[in-house]
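Chain identifiers are assigned alphabetically (A, B, ...) following the order of the sequence lines, protein sequences preceding nucleic acid strands; residue numbering begins at 1 within each chain. FYI, side chains are in, hydrogens and waters are out, and symmetry mates aren't considered; it's all heavy atoms of this structure.
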Amino acid sequence: MLKKIADDLLKWYDHAARDLLWRQDKDPYKIWVSEIMLQQTRVEAVKPYYERWINRYPDAQTLADSSEEEVMRYWQGLGYYARARNLLRGVREVCSSYNGRVPDDKLAIQSIPGIGEYTAGAILSIAYDRAEPAVDGNVLRVFSRLYCISEEISQANVKKRIAELVRQAIPTERPGDFNQALMELGATVCTPRNPCCSDCPVIDFCVAFQKQRQADLPVKRQKTRAKAILLASVIIQQQDRYLLIRRPNQGLLAGMWEFPTVEIIEESAIESSLSEYLQRIAGVSFAMGEKMFDLTHLFSHRKWEISFYKGSVSINEKAQSLGETSKTAQYGWFYPAEWPQLCFAGPHQKAVHYLLSAKNNDS
DNA sequence: AAGCCGGGGCG
DNA sequence: CGCCCAGGCTT
């Protein structure tokens, strides 16, 4: 029975599998990169990033030798930026402690930063032909339906049970293809909404389909809604350069650049709040100008509503502050021509596009 | 166990 | 608009 599921699934996979760059060889480093990029990220979004990445960093050593600054630029726009930092750390660890070879041991590989339960199983099965489960959101959904599991799937014991069910079904011949086939099925047929059961290669084994419960599964607890936050940002220009500030090294959008921004607590206190902030961060006196535009940006757990204003700083302190720009500074004055070299926080990247296109229309 | 961490596509 | 995605780490 389990054997038949694996056979049918693999037969389906052999003709239904999408042609993806990272499926062209089993280089553990390349599989690793693809799995990290694919975490919580759709295949279509990953494609261009993966291609550019492999062209620039074809092997672990090349990546290990690169600067975090540059690596972050190659990741810019993909989201979840800790993934890139962990990948760089992990690759450096592999080069220094494992002689450049990605470990094939479950315990060792899972101790590498950024590689957890799922990614460990994915790399071991795909790159090393090891019969390890790789249980991601797709597999949880597929199995919750196959076995009609109606408990909440984020619970640790439910995940563990599903991992064991997968383990029992893994064929020894093609464990990597089997895991990928499960994910492919979840991504293209056994989808979250409107699963296409008529196309399913394992419909005969699906308990949820037999009970017509597939639309009710998997059961997930509801997430807390994104909290709205009001922000004010200022565009400050001095002699063709603009003031930018680097966000703290921890937390949301860590270490990325943005226009000076404060949270609006009191509508009437925007200017004083910005003044205090700019005095503290950059040591300049500030005067607010006209409003330029509004912008909203939705994260998974937060919603930013930003108003952008023009602003200026006092002449006296200008000369002093213009000299402060440096790569490691928490703030700096940059020409628009330098902006493309910087990692902007998502919402501010939108503002940059707006400003640059407005500039081009002027000239 | 729950919260944090991005960005985009889709119904 | 809300949901979800080839999750991992921190608290």
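- The ring pair (Phe, Tyr, Trp, His ring centres under 6.0 Å) search around A:Trp53 returns A:Tyr57, A:Trp75, not counting sequence neighbours.
- Applying the ring-ring contact (aromatic ring centres under 6.0 Å, His included) rule to pairs touching residues 89-143 of chain A yields A:Phe143-A:Tyr147, sequence neighbours excluded.
- Annotation: proximity of residues 22-38 of chain A to DNA chain C (heavy atom, distance under 4.0 Å) is found for A:Trp22, A:Arg23, A:Glu35, A:Leu38, numbered in ascending order.
- One interatomic measurement links the two molecules: CZ of A:Arg247 to P of B:dC5, which rounds to 9 Å at whole-angstrom precision.
- Identified under the salt bridge (charged side-chain N to carboxylate O under 4.0 Å, His left out) test for residues 81-90 of chain A, with sequence neighbours left out: A:Glu68-A:Arg85.
- Across the protein-nucleic acid pair, A:Asp216 atom CG and C:dC3 atom C1' stand 16 Å apart, rounded to whole Å.
- Counted by atom type alone, A:Gln61 and A:Asp65 present one or more donor-acceptor pairs between their side chains at under 3.5 Å.
- Taking only distance into account, the side chain of A:Arg42 meets the base of C:dC4 through a donor-acceptor pair shorter than 3.5 Å.
- Annotation: ring-ring contact (aromatic ring centres under 6.0 Å, His included) contacts involving residues 29-49 of chain A, sequence neighbours excluded, are absent.
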Extract from the structure each pairing of a protein N or O with an N or O of nucleotides 9-11 of chain C at less than 3.5 Å, listing the distance.
from	atom 1	to	atom 2	distance (Å)
C:dC9	OP1	A:Gly114	N	2.7

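- Evaluation of the salt bridge (charged side-chain N to carboxylate O under 4.0 Å, His left out) test over residues 33-48 of chain A, restricted to residues two or more places apart or in two chains, returns A:Glu44-A:Lys47.
- Sorted by first and then second residue, the ring-ring contact (aromatic ring centres under 6.0 Å, His included) pairs involving residues 160-191 of chain A (not counting sequence neighbours) form an empty list.
- Under the 6.0 Å distance and 45° angle rule, A:Arg241 does not count as a cation-pi partner of A:Phe334.
- A heavy atom lying under 4.0 Å from DNA chain C marks none of the residues of residues 153-172 of chain A.
- Each of A:Glu44 and A:Thr41 lies near DNA chain B, and the nucleotide nearest A:Thr41 is the one positioned closer to the 5' end.
- A salt bridge between A:Asp19 and A:Arg23 is absent, with no side-chain N of the basic residue lying under 4.0 Å from a carboxylate O of the acidic one.
- Within the structure, salt bridge (charged side-chain N to carboxylate O under 4.0 Å, His left out) pairs that include any residue of residues 276-294 of chain A comprise A:Lys291-A:Asp294 (at least two apart or interchain).
- Remark: A:Pro192, A:Arg193 in residues 191-201 of chain A come within less than 4.0 Å of DNA chain C through at least one heavy atom.
- The salt bridge (charged side-chain N to carboxylate O under 4.0 Å, His left out) analysis of residues 248-260 of chain A, with sequence neighbours excluded, yields the pairs A:Arg247-A:Glu258.
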